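Reading through the structure tokens given below for one structure.
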Amino acid sequence: MAKPRVFLSSTYYDLKHVRERIERFLANFGMEPVLFENDNVTFEFNKPLDLSCYNEVKTCQMMVLIVGGRYGSAASGEQVSQDKKRAL
């Protein structure tokens with residue numbers, strides 16, 4: 001039986017240590033953690049990075065979202081209002 005794949009999603013720099021701890025936790029319980037920084041995401045040449053991540057999520061059985069005080073960028077193709085652009 002294959003290990004359940006778990007996609008771990010969050011901002012990286014501010015939650016790096018949390019991501020590492022959750023990765024170890026998942027691995028200790030026989031799951032396969034999928035993290036961007038561990039080269040577990042298959043990147044598609046000439047496509048935006050976020051689209052590769054969305055495609056990788058489709059291959060996972062679970063997803064863990066960690067929400068902190070920061071936020072990432074808008075998804076590819078989304079229009080961002082002027083107020084949000086100034087906040088970035």
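Just the heavy atoms: all of them, side chains too, but no hydrogens, waters or symmetry mates, feed the values below. Every value quoted in this text rests on a predicted model; they were computed, and no experiment measured them.
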Donor-acceptor under 3.5 Å (S52 side chain, E44 main chain) | yes
Quick check: does any side chain N or O of D50 sit under 3.5 Å from a backbone N or O of A75, one acting as donor and the other as acceptor?
->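 Absent.
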Measuring from [X]:[atom1] to [Y]:[atom2], what's the distance to the nearest 0.5 Å?
X: D14; Y: I66; atom1: CG; atom2: CD1; result: 9.5 Å
X: Q61; Y: E32; atom1: CD; atom2: CD; result: 9.0 Å
X: K16; Y: L35; atom1: NZ; atom2: CG; result: 12.0 Å

Least distance between heavy atoms, V41 atom then F36 atom = CG2-CA, 4.0 Å
Grab the two heavy atoms, one from S76 and one from P48, that are nearest each other, plus how far apart they are.
->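 Reported closest heavy-atom pair: OG-CB, 2.9 Å.
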Under the criterion side chain to side chain contact (heavy atoms under 4.5 Å, CB included), which of K3, M62, R5, E23 is the partner of M31?
->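 Going through the options one by one, the only one that passes is M62.
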Taking a hydrophobic cluster as the set of Ile, Leu, Val, Met, Phe, Trp and Tyr residues connected by side-chain heavy atoms closer than 4.5 Å, whether directly or through intermediates, do [X] and [Y] fall within one such cluster?
X: L26; Y: F29; value: yes
X: I22; Y: Y12; value: no
X: L49; Y: V57; value: yes

Are the side chains of V64 and V6 in touch, meaning some heavy atoms are under 4.5 Å apart?
->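 In short, these two side chains touch, coming nearer than 4.5 Å.
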Answer yes or no: does atom CZ of F25 have more than 12 heavy-atom neighbours from other residues, nucleotides or ligands under 6.0 Å?
-> no
Could you give me the CA-CA distance, side-chain angles and deciding distance for F7 and Y54, then say whether ring-ring contact (aromatic ring centres under 6.0 Å, His included) is met?
-> CA-CA 10 Å; F7 191 93; Y54 300 148; 8.9 Å; no
Are any of the side-chain nitrogens in R19 or E37 under 4.0 Å away from the carboxylate oxygens of its partner?
->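 Looking at R19 and E37, the cut-off is met.
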